[in-house]
Asker: 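Handing you a structure now.
Whatever order the structure lists them in is the order used to number ligands and atoms, beginning at 1. Numbers here simply count residues along the sequence, with the first being 1.
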Amino acid sequence: MKSIDVEGKALVLHHWDTDGVCSASILLNQLDANKVETMTPKIGNYFLSKDEIRFCRGFDHVFIVDMALPEKNVKDVCVSSEVTIFDHHLQKPIKGVNHNNPVAYGKSQQEYPSATWVLKEYFKDEVTLPVVLGIVGDNEHKIKDNKRFFDIVEEYCRGHSLSFDDLLRMVYLIDSNYKMQRKREVEGIPWLLMEGDVAEKILENPEWNSNLRVLEGEVNRILSDETLITERNSIAVMRINTPYNIISTVTRRFAWETGKNVVVVNKGFYDDKDQLYVRSSNVDLSSLIGELKNSGFYAGGKGNVMGVVVPKNKTEDLLEKVVGFFWR
Ligand SMILES: [Mn+2]
């Protein structure tokens with residue numbers, strides 16, 4: 001096992017979703033618990049605010065897990081702290097940091113379906129609950145098409161008397177926290193996951209179960225409302241207005257139910273910005289993601305999925321551009 005030498009205080013900056021908190025938890029196992037804190041950026045922001053960057057500067061070593069933050073942010077943190085990244089998002093290699101992202105160096109996302117797998121390989125860990133939850137979290141049912149990893153998940157299930165649906169339910173319960181914008185709760189989950197056999201604790205957490213009922217009601221309300229949908233050049237566009245961070249769930253279910261390329265715009269999450277989310281069944285969005293980043297948008301994604309945060313006065317232009325992209 002490669003050991004990480006950390007002098008002084010460390011910060012684990014992690015994505016707010018299941019893969020993010022599970023990855024953070026795997027990393028915490030390798031660090032001195034007394035000298036490390038966990039943090040997720042403001043939920044919904046795939047970048048760091050000025051205050052967050054200032055906060056990072058109080059740490060000797062900043063770990064960034066399961067998040068492809070803008071290179072500018074990473075460089076800003078680098079000024080005062082050593083930076084180590086563990087990730088599997090599409091991103092260019094970044095110089096001056098320990099950039100552990102096999103996908104940035106040419107591996108496929110099929111081979112690294114989760115950041116937890118990147119960490120598991122790096123530390124030569126066993127397949128633990130956080131490892132498989134990360135895989136199921138980022139891929140849900142689609143992991144069944146990835147034989148190597150579905151076998152790994154199934155083997156874990158057999159060994160622990162769990163079903164795939166149990167894992168999926170744990171993912172939904174964990175993710176309910178970011179969807180309800182419970183930042184503190186999210187930041188505590190990596191620590192909870194370190195306690196080992198926590199499947200029951202996750203499945204029976206009363207607060208998370210109640211979150212789930214609220215969110216499921218909202219997602220179902222949206223997906224059953226046909227007045228929200230318009231079609232543009234055979235691309236399905238859905239306009240929603242919800243305070244919950246459920247755009248990725250809505251987009252995923254909308255795409256799977258229609259089998260189309262879909263775009264969802266949510267006007268209800270931020271005061272001054274909209275969320276835009278795209279999912280394609282047949283078009284690689286990587287070049288579009290790159291273009292949008294170059295034009296100054298906060299965009300991120302993984303091949304067939306893209307999320308963008310857009311100032312409200314630019315939403316319609318961006319929508320045009322996205323729809324046009326499919327017809328190039
Ligand atoms: Mn991930």
Asker: Closest heavy-atom contact between Gly259 and Ser281?
Answerer: O-OG, 4.0 Å
Asker: Could you check, using the six-membered ring where one of them is a Trp, whether Trp117 and Phe86 have ring centers closer than 6.0 angstrom?
Answerer: no
Asker: Decide, counting backbone as well as side-chain atoms, whether Asp87 has an N, O or S atom less than 2.8 Å from the Mn ion (ligand 1).
Answerer: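 Of the N, O and S atoms in Asp87, none lies under 2.8 Å from the Mn ion (ligand 1), which means no.
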Asker: Report the atom name of the nearest N/O/S atom of Asp66 relative to the Mn ion (ligand 1).
Answerer: OD1
Asker: Hey, which N, O or S atom on Asp19 ends up closest to the Mn ion (ligand 1)?
Answerer: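 Atom name of the closest N, O or S in Asp19: OD2.
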Asker: Do any of the N, O or S atoms of His88 sit under 2.8 Å from the Mn ion (ligand 1)?
Answerer: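 For His88, the answer is yes, given that an N, O or S atom comes within less than 2.8 Å of the Mn ion (ligand 1).
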Asker: Counting backbone and side-chain atoms alike, is an N, O or S atom of Asp138 positioned under 2.8 Å from the Mn ion (ligand 1)?
Answerer: yes
Asker: Going by the angle between their ring planes, with limits at 30° and 60°, are Tyr178 and Trp16 parallel, tilted or perpendicular?
Answerer: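 It falls in the tilted class, 30° to 60°.
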Asker: Can you check whether Asn146 reaches Asn139 side chain to side chain, under 4.5 Å on heavy atoms?
Answerer: no
Asker: State yes or no: are the ring centers of Phe63 and His14 separated by less than 6.0 Å?
Answerer: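 So the answer is no for these two rings.
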